[in-house]
Amino acid sequence: MYGAYEVSEHILTRVLEYGILNAGGEEMASIENTENITPTKSIRITEKSIARNSYETAIVYDKENNELFRVSQGDASAVELTQKQWAQAYGMTLTHNHPFDLTMERYGFENTSAFSSKDILRGMQYGIAEMRMVIGNERYSFCWVTPNYEKTIQFIEGLQKIEASASAVITDTKEAVDKAVNISINNQTTENKNRAYNAILEHYSTVVTETNKINQFIADNQNAGYIFKKEVL
Amino acid sequence: MSKLEKMIKEATKPNANGTVSFGEPALKNTDISGLVKKFEESQSVPKIKFRKAI
């Protein structure tokens with residue numbers, strides 16, 4: 001089935017071997033027919049406890065949902081796992097939070113986020129059975145089921161393009177905020193104040209829109225051989 | 001090296017200390033809290049002009 005690509009076959013087979021679900025064949029099982037991927041209560045409670053943190057924590061659970069280890073070191077928007085820890089995470093559930101933005105919430109926007117293409121590839125390489133992510137009131141789940149080589153490449157390339165395009169848009173709105181804020185500080189008129197305020201709202205609104213686009217793309221490409229779910233935390 | 005393998009190699013490139021990062025959000029440049037703070041502080045604190053004591 002995966003004979004056309006020797007090295008990748010090894011990678012994909014490892015994921016298949018330890019995948020928590022097996023749809024069978026190259027056809028994706030419909031989401032409705034899959035097993036429940038909502039975790040046990042203890043994992044849900046733990047996920048809720050980290051969902052509003054401004055720094056990241058990653059927690060690995062074994063197949064019986066016992067916590068194996070957790071990591072919080074790294075910069076604010078990533079953690080660092082040693083090769084030993086990645087080996088321990090093989091075939092297990094890896095959950096983590098994305099940094100919560102209190103300022104965004106204060107301006108009336110729900111925090112939202114999306115898995116990066118890099119993390120999806122890491123999950124594949126290290127045989128993570130299920131990769132989970134929480135932020136604010138949202139929980140996301142991603143697991144490879146029956147990866148299709150060609151469609152996986154198309155999916156990752158497409159995701160990388162959307163990430164780059166979204167990132168460029170966000171950079172623009174961020175620069176607009178920077179400019180508007182500086183003008184409002186140097187010349188404190190009501191008009192300038194409103195412009196700065198609106199630039200802030202525009203930025204946060206764009207973050208939500210662009211993040212939703214990424215999540216929609218992930219949701220639309222499950223024929224690459226994975227299951228993606230979004231739930232209310 | 002296959003295309004997928006190249007992608008994976010790039011994504012799992014070790015840090016200087018040998019670890020491999022995990023958890024970066026798809027969008028990393030969203031935080032404007034510093035700018036918002038600067039804006040709010042400029043609005044809430046009136047500029048006071050001090051006169052030289054005569």
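The chains referred to below are lettered A, B, ... by the order of the sequence lines, with proteins before strands, and numbering in each begins at 1.
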Asks: At a heavy-atom separation under 4.5 Å, does A:Leu159 approach chain B through its side chain, its backbone, both, or neither?
Replies: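 No part of it gets close to chain B.
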Asks: Quick check on the interface: out of B:Leu35, B:Thr30, B:Asn17, B:Asn29, who has the most heavy-atom pairs with chain A under 4.5 Å?
Replies: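 The answer is B:Asn29.
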Asks: At a 4.5 Å cut-off on heavy atoms, which part of A:Met131 comes close to chain B: side chain, backbone, both, or neither?
Replies: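 For A:Met131, side-chain heavy atoms alone lie under 4.5 Å from chain B.
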Asks: Sort A:Glu157 into side chain, backbone, both or neither according to what part of it lies under 4.5 angstrom from a heavy atom of chain B.
Replies: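 Contact with chain B is through both the backbone and side chain of A:Glu157.
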Asks: With only heavy atoms counted, which part of A:Ile214 is less than 4.5 Å from chain B, the side chain, the backbone, both or neither?
Replies: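 Looking at A:Ile214, just its side chain touches chain B.
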Asks: Would you please classify the geometry between the A:His96 ring and the A:Phe115 ring as parallel, tilted or perpendicular, with 30° and 60° separating the classes?
Replies: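 If you compare the ring of A:Phe115 with that of A:His96, the planes turn out tilted.
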Asks: As an exercise: rank A:Val207, A:Leu81, A:Val71 by heavy-atom pairs under 4.5 Å with chain B and give me the winner.
Replies: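 Answer, by heavy-atom pair count under 4.5 Å with chain B: A:Leu81.
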Asks: Looking only at heavy atoms and a cut-off of under 4.5 Å, which of A:Lys174, A:Lys118, A:Glu210 has the most pairs with chain B?
Replies: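 Most heavy-atom pairs under 4.5 Å with chain B: A:Lys174.
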Asks: Can you name the nearest heavy-atom pair linking A:Thr57 to A:Ser72, along with the distance?
Replies: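 Minimum heavy-atom separation between A:Thr57 and A:Ser72: OG1-OG, 3.0 Å.
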Asks: Report the relative orientation of the aromatic rings in A:Tyr226 and A:Trp144; use parallel for angles under 30°, tilted for 30 to 60°, perpendicular for over 60°.
Replies: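 Because their plane-to-plane angle is over 60°, the rings of A:Tyr226 and A:Trp144 count as perpendicular.
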Asks: Let me know if B:Asn15 has heavy atoms under 4.5 Å from chain A in its side chain, its backbone, both or neither.
Replies: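 Side chain only.
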Asks: Non-hydrogen atoms of chain B under 4.5 Å away: do they reach the side chain of A:Glu163, the backbone, both or neither?
Replies: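 When you check distances to chain B, atoms from both the backbone and side chain of A:Glu163 fall under 4.5 Å.
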Asks: Assess the residue pair B:Ser33 and B:Asp31 against the criterion (side chain to side chain donor-acceptor pair (under 3.5 Å)); give the C-alpha distance rounded to whole Å, side-chain angles, the decisive distance to 0.1 Å, and a yes or no.
Replies: CA-CA 6 Å; B:Ser33 53; B:Asp31 184 14; 2.7 Å; yes
Asks: Might you point out which heavy atoms bring B:Glu24 and A:Ala78 nearest each other, and give the distance in Å?
Replies: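 Heavy atoms only, the tightest pair is CG-CB, 3.9 Å.
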Asks: Should A:Lys179 and A:Glu175 count as an ion pair when the cut-off is N to O under 4.0 Å?
Replies: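 A salt bridge is absent here (no side-chain N lies under 4.0 Å from a carboxylate O).
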Asks: Based on non-hydrogen pairs under 4.5 Å, which of A:Ala196, A:Ala58, A:Ala180, A:Ala114 is most in contact with chain B?
Replies: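 Result: the option with the highest number of such pairs is A:Ala114.
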Asks: Does A:Arg122 count as lying over the ring of B:Phe22, i.e. NZ or CZ under 6.0 Å from the six-ring centre, within 45 degrees of the axis?
Replies: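 Cation-pi check for A:Arg122 and B:Phe22: fails.
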Asks: One pair to check against side chain to side chain donor-acceptor pair (under 3.5 Å): A:Asn212 and A:Thr209. What are the steps and the verdict?
Replies: CA-CA 5 Å; A:Asn212 287 345; A:Thr209 303; 5.9 Å; no
Asks: Name the member of A:Val181, A:Thr103, A:Asp119, A:Asp101 that forms the most heavy-atom pairs with chain B at distances under 4.5 Å.
Replies: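 Between A:Val181, A:Thr103, A:Asp119, A:Asp101, the count favours A:Asp119.
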Asks: In terms of heavy-atom proximity below 4.5 Å to chain B, should A:Ser113 be classed as side chain, backbone, both, or neither?
Replies: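 Contact with chain B: side chain only.
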